[in-house]
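So the structure is just underneath, and the comments pick up after that.
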Amino acid sequence: MSGKVYLVGAGPGAADLLTLRAARLLSAADVVLHDALVQEDVLALAPQARKIAVGKRCGKHSTAQRFINKMLVAAAHTNQVVVRLKGGDPMLFGRAQEEIDALSAAHIEFEVVPGITAALAAGADLKVSLTQRGLARSVSFLTPRHGAEEQEAEWLRAALAADTAVFYMGAGQLEQIAQALLTGGKPAHTPVAIVENASLPHARQWQTTLANLARFNVDAWAGPAVIVLGEVVATAQAEEWAKLQHIS
Ligand code: SAH
């Protein structure tokens with residue numbers, strides 16, 4: 001008999017933004033396979049569990065997805081409660097489908113536990129309603145990164161169609177993002193906020209415009225960050241705006 005695998009959202013970072021269900025599963029887990037972005041104090045909710053880091057951070061140490069799938073299946077064969085803990089929501093930009101496919105193929109029972117995704121934590125930090133009445137009726141979560149099968153420019157369609165766009169994993173591509181949006185017709189004065197480490201005590205926010213985004217110094221930030229673009233950003237009330245550092 002195999003155990004059960006729970007694909008659990010760890011939320012954006014702050015441990016108390018975890019769902020009660022996630023916390024309950026962590027306290028019952030035999031083993032936790034977690035991403036690099038998952039905070040220590042979230043893992044501390046599973047003191048009894050064996051913890052395996054299978055983190056994937058852009059450019060840093062990574063465990064190949066196929067290997068992670070194999071580890072998940074193997075863990076389910078030798079444990080009752082297996083928690084696969086992913087940052088934010090497990091189903092958004094987290095390669096969840098590959099893991100689901102592997103579990104299904106191995107006839108292993110699984111369940112998904114949603115989490116607060118980074119875009120929503122960023123909106124909360126900025127005190128911005130991503131769908132503010134009168135300004136925005138739609139919001140897109142997107143990433144300029146693409147899989148082998150996808151077209152590079154696919155994201156642009158989504159970014160232009162939505163009133164508010166939140167970019168995940170865009171840090172290394174600010175210039176391309178800004179250039180493509182400007183060419184696509186987004187006004188140069190469109191407000192942009194960058195939120196790093198949303199929900200955490202050391203979170204930082206920068207505000208700029210689309211025209212200046214390309215010149216923003218990416219080296220200034222170290223943690224995970226989302227880019228929020230749209231008129232709603234003009235109403236943002238960050239606790240404290242970090243000083244914009246432009247590349248000279
Ligand atoms: N499943 C996650 C996203 C994983 S992709 C979720 O739902 O949030 C990883 C990207 O998420 C990072 O490159 C960054 O763009 C974003 N991200 C994750 N945590 C973040 C945080 N605390 N603050 C800002 N952005 C974050």
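What's counted below: heavy atoms across the whole structure, side chains too, no hydrogens, waters or symmetry copies. We count ligands from 1, going down the list as the structure has it; atoms in each ligand are counted the same way. Please read these numbers as outputs of a predicted model, since none were measured by experiment.
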Could you please spell out the steps behind the side chain to side chain contact (heavy atoms under 4.5 Å, CB included) verdict for Leu26 and Leu85? CA-CA 9 Å; Leu26 281 171; Leu85 194 59; 4.1 Å; yes
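- Contacts between Pro224 and ligand 1 below 4.0 angstrom, taking non-hydrogen atoms only, involve backbone and side chain alike.
- Residues Leu43 and Val82 do not share a hydrophobic cluster, clusters being chains of Ile/Leu/Val/Met/Phe/Trp/Tyr side chains in contact below 4.5 Å.
- Considering backbone and side-chain atoms alike, Leu37 places every N or O at 3.5 Å or more from each N or O of ligand 1.
- Residue Gly87 approaches ligand 1 through these ligand atoms, each under 4.0 Å from one of its heavy atoms: 1 (N), 2 (C), 6 (C), 7 (O).
- Summarising the contacts of atom 17 (N) of ligand 1 with Ala118, Gly88, Gly172, Gly223, the nearest heavy atom is found in Ala118.
- Closest heavy-atom approach to atom 1 (N) of ligand 1 within the set Val38, Thr117, Leu92: this belongs to Leu92.
- Contact annotation: for Asn197 versus ligand 1, heavy atoms closer than 4.0 Å belong to the backbone alone.
- Leu72 places a side-chain heavy atom less than 4.5 Å from the side chain of Val5.
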Intermediate values then yes/no, side chain to side chain contact (heavy atoms under 4.5 Å, CB included), Thr164 and Val228: CA-CA 7 Å; Thr164 307; Val228 188; 4.2 Å; yes
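- Heavy-atom distances between Pro12 and ligand 1 reach below 4.0 Å in at least one pair.
- Note: no N/O pair closer than 3.5 Å links Gly170 and ligand 1 by distance alone.
- In this structure, a donor-acceptor pair under 3.5 Å is present between the side chains of Arg215 and Asn212.
- For a threshold of 3.5 Å applied to N or O pairs, the pair formed by Phe167 and ligand 1 contains no separation below that value.
- At a threshold of 4.0 Å, the pair Asp125-Arg204 does not count as salt-bridged, since none of the basic side-chain nitrogens sits closer than that to a carboxylate oxygen.
- A donor-acceptor pair under 3.5 Å links the side-chain atoms of Gln48 to the main chain of Ala29, judged by distance alone.
- Residue Ile116 has no N or O atom closer than 3.5 Å to an N or O atom of ligand 1.
- Put simply, CD on Glu98 and CZ on Arg66 are 10.5 Å apart, with the number rounded to the nearest 0.5 Å.
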Could you please spell out the steps behind the side chain to side chain contact (heavy atoms under 4.5 Å, CB included) verdict for Gln173 and Arg145? CA-CA 9 Å; Gln173 297 177 53; Arg145 286 185 145 221; 3.8 Å; yes
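- Distances shorter than 4.0 angstrom do not occur between any heavy atom of Gly94 and any atom of ligand 1.
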Leu229/Ile177 under side chain to side chain contact (heavy atoms under 4.5 Å, CB included): CA gap, chis, key distance, verdict: CA-CA 11 Å; Leu229 175 109; Ile177 291 173; over 6 Å; no
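- Considering backbone and side-chain atoms together, Ala198 places an N or O closer than 3.5 Å to an N or O of ligand 1.
- Heavy-atom contacts of Val195 reach the following atoms of ligand 1: 24 (C) (cutoff under 4.0 Å).
- Shown in contact with Asp89 at under 4.0 Å from a heavy atom are these atoms of ligand 1, numbered in order with element: 1 (N), 6 (C), 7 (O).
- Here's the thing with Ser199: none of its N/O atoms is less than 3.5 angstrom from an N/O atom of ligand 1.
- For ligand 1, the atoms sitting less than 4.0 Å from at least one non-hydrogen atom of Val226 are 15 (O), 16 (C), 24 (C), 25 (N), numbered in the order shown with element in parentheses.
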